Amino acid sequence: MKLTRFLHRFALAALLALTVAPALAETPAEHDARMVWWRDARFGLFIHWGVYSVPAGEWNGKTNYAEWFLEETHMPVSQYEKFAQQFNPVKFDAKAWVAMAKNAGMKYIVITSKHHDGFGMFRSDLTDWCIKSTPFPRDPLKELAAACHDAGIKLCFYYSIMDWHHPDWGTRRAWNDKAPKTPPDMDRYVAYMKGQLKELLTRYGPIGILWFDGEWESPWTHDRGVDLYNYVRSLQPQIIINNRVGKARAGMNGMDKGNERIGDYGTPEQEIPPTGFGPGVDWESCMTMNNHWGYNKNDQHWKSSTTLIRNLIDCASKGGNYLLNIGPTSEGLFPAPSVERLAEIGAWMKVNHEAIYDTTASPFPKLAWGRATQKPGRIYLEVFDWPADGRLVVPLASPVEKAYLLDGKTPLTVETTAEGKIVHVPAASPTSAAGVVVLEINGKPQAL
Ligand code: GLC
């Protein structure tokens with residue numbers, strides 16, 4: 001009896017080993033090595049750019065559109081295609097974009113190489129539905145790749161699995177008036193998609209992340225996800241792939257549920273999880289600066305720079321990354337309010353970046369006045385509500401060797417009380433978004 005059970009288990013394990021393709025087989029140490037740059041980076045720029053920037057969110061009196069334009073208006077594909085003729089980003093300057101991201105303290109850029117409308121922002125040999133059918137004679141992704149390379153920024157590609165334009169995407173839309181009468185063929189679609197990914201992964205140098213999206217419709221399956229994950233890793237073994245390559249994502253909270261998990265990290269969307277998930281569970285919150293991903297000329301609901309800085313800190317304090325979005329115009333410009341915000345975040349990062357890069361989650365479950373991050377020997381206290389009485393109460397048992405403000409390295413005195421450590425801080429915060437206090441300690445921090 002026991003033996004049959006053993007044999008049964010053995011057969012099952014052997015079967016599993018066979019179904020897990022080689023690229024997925026990686027030791028934990030190899031996985032950690034692949035994730036190092038991403039875990040240290042903490043901050044990236046998302047860019048949603050495509051022909052939907054031509055209508056700029058407005059159509060027939062409605063003003064709430066952006067990159068979902070084709071789906072939400074049900075515009076016939078043949079009519080939507082005409083936007084390409086008006087897409088001429090003559091003011092696009094890859095070096096300027098990369099410089100703005102870098103000055104903001106961002107370490108990577110994720111750009112839409114193809115969004116759900118299927119339009120490629122690169123010169124693909126496999127379709128005309130790409131930058132080739134615009135008046136713009138260049139390849140924006142080539143120029144970004146060169147600029148990122150020169151600036152030491154990781155270039156990453158967003159790629160939508162769902163494709164409202166390609167006739168073979170399994171849930172073909174009724175308004176796809178260009179599609180033939182024959183039914184869609186997902187195998188043919190996957191071959192096309194792999195062909196485009198091969199272009200993207202062999203012509204633009206090393207790519208940091210493949211950021212998949214649009215995995216939720218039923219033609220996409222777990223098995224196809226595993227196959228795609230392995231395919232991408234076979235072209236660039238060190239690349240990082242988000243969890244939207246598979247089917248396990250639990251809605252907007254972005255983390256996986258169930259057993260069929262693939263991908264290297266979770267993708268909360270427009271939200272920051274209430275707590276982190278412990279070491280080894282990687283995640284990145286992506287978020288817009290206003291209320292749209294793609295360019296919408298009427299949307300002036302901008303988050304303040306203070307909110308954006310605090311969101312970045314919040315993510316870092318929970319062990320995650322922050323991927324902040326910009327929707328450039330069809331002329332190739334970042335909207336002015338986005339430019340301002342990047343500069344303001346950059347001013348904070350210039351002084352305080354040490355509290356963000358290369359840190360891990362807070363040692364404290366909760367802090368009434370702000371957040372904390374840490375690296376060996378150091379705790380960073382990011383203070384949102386600066387104490388009016390000059391006493392910052394830190395629920396810490398570990399002895400503090402040294403305390404100072406990160407801005408100007410002003411030394412601070414620390415008192416030990418029953419409440420924990422009281423750090424005596426100046427009357428006003430060095431920056432209203434978040435003043436940072438550094439505590440140097442020996443060994444692991446012991447929270448009270
Ligand atoms: C979504 C949307 C989309 C956007 C993305 C960013 O799922 O479909 O338009 O690109 O999330 O996370």
Side-chain angles (χ1 to χ4, degrees), residues 38 43-57 59 64-75 80 83 106 108-122 141 156-166 169-171 173 193 200 208-220 225 240-256 263-273 282-296 299 301 303 308 311-312 315 320-328 335 338:
W38 185 95
F43 193 24
L45 176 66
F46 216 173
I47 300 178
H48 277 68
W49 200 29
V51 291
Y52 42 77
S53 61
V54 171
W59 194 252
N64 208 20
Y65 301 113
E67 77 288 351
W68 274 65
F69 186 100
L70 177 58
E71 179 85 348
E72 290 169 348
T73 60
H74 292 193
M75 179 180 274
Y80 184 78
F83 288 134
M106 290 153 159
Y108 59 106
I109 294 178
V110 185
I111 184 162
T112 48
S113 63
K114 183 195 92 166
H115 205 267
H116 309 331
D117 66 357
F119 182 84
M121 289 300 292
F122 61 108
L141 301 193
C156 311
F157 291 142
Y158 169 110
Y159 188 94
S160 174
I161 290 171
M162 172 168 74
D163 191 320
W164 301 322
H165 182 276
H166 199 288
W169 172 251
T171 38
R173 303 319 200 236
M193 186 166 67
L200 288 167
I209 303 166
L210 216 309
W211 213 104
F212 284 109
D213 192 23
E215 84 289 11
W216 54 84
E217 292 196 344
S218 58
W220 195 246
I240 293 170
I241 302 173
N242 71 346
N243 66 340
R244 299 189 186 188
V245 67
K247 297 292 283 189
R249 176 166 64 111
M252 298 301 234
N253 89 36
M255 303 308 287
D256 293 333
D264 299 312
Y265 68 87
T267 51
E269 180 171 324
Q270 300 287 39
E271 62 183 56
I272 298 172
D282 295 299
W283 57 275
E284 171 201 67
S285 279
C286 56
M287 206 179 275
T288 50
M289 281 194 192
N290 56 3
N291 290 338
H292 293 85
W293 297 101
Y295 179 58
N296 179 303
D299 181 353
H301 294 100
K303 296 177 184 74
L308 299 172
N311 283 345
L312 167 62
C315 289
N321 286 10
Y322 193 46
L323 184 64
L324 183 59
N325 182 72
I326 284 181
S338 301

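For ligands, and for the atoms within them, numbers begin at 1 and follow the listed sequence. Here the structure is a predicted model, which is why all the values come from computation and not from measurement.
Nearest heavy-atom pair, Pro335 versus Pro328, reported as atom, atom and distance to 0.1 Å: CD-CA, 4.2 Å.
Ligand 1 has a nitrogen or oxygen under 3.5 angstrom from a nitrogen or oxygen of His48.
Using a 4.0 Å cut-off to heavy atoms of Tyr158, the atoms of ligand 1 that qualify are 10 (O). Remark: ligand 1 atoms within the under-4.0 Å shell around heavy atoms of His115 are 3 (C), 4 (C), 9 (O), 10 (O). If you number the atoms of ligand 1 from 1 as listed, the ones under 4.0 Å from a heavy atom of Cys286 come out as 12 (O).
Among protein heavy atoms, the minimum distance from atom 2 (C) of ligand 1 is reached at Trp68 NE1, 3.5 Å. Scanning the protein heavy atoms around atom 9 (O) of ligand 1, the nearest turns out to be Glu67 OE2, 2.5 Å. The protein atom (non-hydrogen) at minimum distance from atom 5 (C) of ligand 1 is Asp213 OD2, 3.3 Å.
The shortest heavy-atom distance from Trp211 to ligand 1 is under 4.0 Å.
Centroid-to-centroid, the aromatic rings of Tyr295 and Trp49 stay 6.0 Å apart or farther.
Between Trp211 and Tyr158, the ring planes lie parallel to each other; the angle is under 30°, not in the 30° to 60° tilted range.
Of the candidates His116, His292, Glu215, Glu269, the one placing a heavy atom closest to atom 11 (O) of ligand 1 is Glu269.
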